[in-house]
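One structure below.
Computed from a predicted structure; not experimentally measured.
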Amino acid sequence: MNRPVEEMKQPYARRWWALLVLCLSLLIIVMANTALTVAAPDMTKDLGLSSSDLQWVIDGYTVPYAALMLLLGAIGDKYSRRGALVLGLVVFGAGSVAGSLVDSSGGVIAARAVMGFGAAMIMPATLSLLAATFPRAERAKAIVLWTATAGLAIAAGPLVAGALLQNHGWASTFLINVPIAAIAIVGALLLVPPSKAGHSNRIDYVGGLLSVIWTGALVYMIIQGPHFGWDAKAISAAVVAGVGLVAFVGWELRHPHPILNVRRFLDRRFSGSNLAVALFFLAVFGAFYYLTQHLQFVLGYNPLETGVRMLPLAGAVFVGSALTGYLTPRIGMKITVSAGMVAGTVALALLTRVDASSSYGDFVAPLIILGLAIGLALSPCTDAIMGAFPESELGVGGAVNDTSLELGGSLGIAILGSVLASSYSSKLADAAAASGAKLPDGTLDTAQDSVGAGYAVAQGIGDKAHEVAGQAAKATSPEQAAQLKGQAEQLAQGAGKMADAVGSAFSDSVAHTSLVGAVILGVGTVLVAVLLPRKSASDAAAAVPGDADDADVVVREREPQR
């Protein structure tokens with residue numbers, strides 16, 4: 001496909017096929033993170049990863065991904081949005097191949113960083129190409145499908161990874177990206193029309209560099225501080241992020257053609273939508289982080305079974321997305337988004353009932369409600385964010401939306417993950433003391449590191465019990481046999497009590513962390529409801545397709561001027 005979409009007098013005929021390519025590209029970059037949560041135990045065992053190594057295997061993807069999106073989105077606007085998509089897919093595929101071949105923690109972290117670089121090109125390109133290819137009257141519907149794909153990817157990642165891990169190693173979760181990326185590249189070249197900005201303004205590289213510095217430092221601080229302690233690295237990152245943000249805003253306010261017109265954040269619809277996206281993914285990614293652990297470790301499901309049990313969330317996202325396409329034009333995005341955020345708060349509140357006796361059935365309703373909430377809230381917000389940018393800055397608009405999403409997700413894992421870890425450590429100490437189990441020296445400290453470590457400690461004590469029992473069977477005297485048998489029984493009881501304590505402590509921690517998440521999202525719901533204006537011209541455009549162009553003009557005229 002060689003004809004630029006900007007030269008077409010009529011809507012591009014194969015635009016829905018092009019959307020399929022864009023959604024496929026989105027699918028693999030979201031799945032790259034969610035699939036890793038399931039593959040992490042095998043990777044940890046095979047590579048001997050420490051908790052610090054594992055954290056950076058996960059977040060080595062996040063830092064370049066979040067930091068580079070704004071600059072790369074602007075470069076895509078200037079030169080070629082489709083070119084950015086294709087190049088990003090090539091880089092992402094190359095990083096996936098490298099990740100499957102390395103055999104060290106440093107190698108995996110480096111490969112994940114390369115994948116994050118590719119994702120930073122892909123993510124804003126998908127939204128900018130969508131907005132450029134679809135007429136305004138159809139754009140909201142296309143964004144509904146784009147958002148539904150993101151929700152599907154959240155649940156599909158563990159399912160795909162679980163299926164692969166049944167018969168293959170963790171490297172297969174990297175390699176699966178390669179054929180999908182190849183199909184997306186071919187589809188992009190054949191079905192997605194070229195697109196770029198119609199102006200010749202020079203890119204604000206200084207502003208872009210400042211955005212990379214402050215965003216990267218902020219994400220690094222979010223990861224480093226809660227997980228590894230507020231040491232010199234975390235504090236330095238916080239200072240760099242603060243100074244970088246002030247410098248970025250000051251530079252952008254003075255620049256005649258800024259990479260991002262920061263005055264847009266004075267618009268309540270725009271700022272409220274970004275806040276809603278960030279808060280929602282804070283809750284979703286944080287909840288996903290501990291729910292997958294609970295299903296695997298406490299309830300004992302294997303990776304594939306865990307993925308299957310996350311499917312209610314994916315199905316509910318599609319239902320919620322269909323509902324928002326019907327409701328938003330009629331009642332306005334303020335009510336639709338607020339309802340979605342209230343539903344998300346309710347889902348987290350339901351998880352506060354989790355305890356050691358909870359079964360999978362107790363998670364079904366929260367998963368369905370959370371999926372409905374994602375579908376209801378995110379599509380209108382993404383549409384509002386993209387609608388705030390002129391056609392020449394659609395890549396920047398996509399980058400702003402995606403940066404809000406990624407910052408929210410990083411905060412969710414950092415904040416709720418930190419709450420979970422501290423709560424689990426405290427509750428495990430109390431549970432172990434209450435059980436009266438006599439544990440070998442140092443094992444409790446090891447078990448407090450994570451729920452996986454806790455069950456590993458219990459398993460180790462059980463293995464020791466079997467070993468001692470074997471020695472008792474081979475004892476040369478009745479006295480020695482009786483003594484060893486008593487030790488074996490004591491160890492076996494300790495293993496059982498330890499496993500029970502770990503499950504109870506983690507279940508209680510899930511409930512406590514869900515309460516914290518519900519409070520955060522509940523307060524955020526009130527803030528978003530206050531910020532978002534009542535039914536606007538964009539809502540009217542969606543309700544009356546024939547007036548879409550006129551309504552879009554109204555929105556553009558209300559846009560803050562540079």
Side-chain angles (χ1 to χ4, degrees), residues 59-79 81 84 88 91 113-114 116-125 127-128 197 199-225 232-267 270-271 273-275 277-278 385-386 388-390 392-411 414 559-562:
D59 291 317
Y61 181 84
T62 303
V63 175
Y65 181 23
L68 292 168
M69 271 194 287
L70 186 59
L71 177 58
L72 295 179
I75 292 173
D77 280 338
K78 170 73 172 177
Y79 296 105
R81 291 162 181 153
V91 172
V114 172
F117 184 87
M121 286 188 273
I122 297 168
M123 191 72 158
L127 264 181
S128 62
H199 63 74
S200 58
N201 296 332
R202 294 183 62 184
I203 295 175
D204 172 21
Y205 283 107
V206 173
L209 179 61
L210 289 171
S211 75
V212 171
I213 292 171
W214 83 261
T215 308
L218 177 62
V219 174
Y220 181 88
M221 178 203 74
I222 290 170
I223 297 166
Q224 183 72 22
K233 293 180 181 178
I235 295 173
S236 297
V239 173
V240 171
V243 173
L245 176 59
V246 171
F248 172 74
V249 172
W251 177 268
E252 296 301 275
L253 288 173
R254 294 172 177 270
H255 198 281
H257 302 291
I259 197 168
L260 173 63
N261 182 2
V262 294
R263 292 182 179 87
R264 284 196 176 90
F265 286 95
L266 297 175
D267 180 78
F270 181 75
S271 57
S273 296
N274 276 286
L275 179 61
V277 168
I385 292 169
M386 294 303 294
F389 289 86
S392 61
E393 297 179 17
L394 292 176
V396 172
V400 170
N401 179 84
D402 301 334
T403 301
S404 295
L405 184 157
E406 194 61 29
L407 286 176
S410 298
L411 278 169
E559 184 184 56
Q561 298 298 309
R562 286 190 274 198

Student check: side-chain heavy atoms of Asn261 and Glu252 closer than 4.5 Å: no
Heavy-atom check, side chain of Val243 versus side chain of Phe248, under 4.5 Å: no
Side chain to side chain donor-acceptor pair (under 3.5 Å): pairs with one or both residues in residues 238-250, sequence neighbours excluded: none
All side chain to side chain contact (heavy atoms under 4.5 Å, CB included) counterparts of Ala113, not counting sequence neighbours: Pro64
For Trp251, side chain to side chain donor-acceptor pair (under 3.5 Å) partners two or more places apart: Asp204
Side chain to side chain contact (heavy atoms under 4.5 Å, CB included) against Tyr79, all qualifying residues, sequence neighbours excluded: Ile75, Ile203, Tyr205
Using a 3.5 Å cut-off and no angle test, enumerate the donor-acceptor pairs between side-chain atoms of residues 209-219 and protein atoms at least two apart in sequence or in another chain.
from   : atom 1 : to     : atom 2 : distance (Å)
Ser211 : OG     : Gly208 : O      : 2.6
Thr215 : OG1    : Ser211 : O      : 2.7

Euclidean distance, Phe270 CZ relative to Met386 CE, rounded to 0.5 Å: 10.0 Å
Axial cation check for Phe389 ring with Arg264, 6.0 Å and 45° limits: yes
Flag, side chain of Asn401 to backbone of Gly397, donor-acceptor distance under 3.5 Å: no
Non-hydrogen side-chain atoms of Met69 and Glu406 separated by less than 4.5 Å: yes
Asn274 side-chain N/O to Ser404 backbone N/O, donor-acceptor pair under 3.5 Å: no
Contacts of type side chain to side chain donor-acceptor pair (under 3.5 Å), residue Asp402, not counting sequence neighbours: none
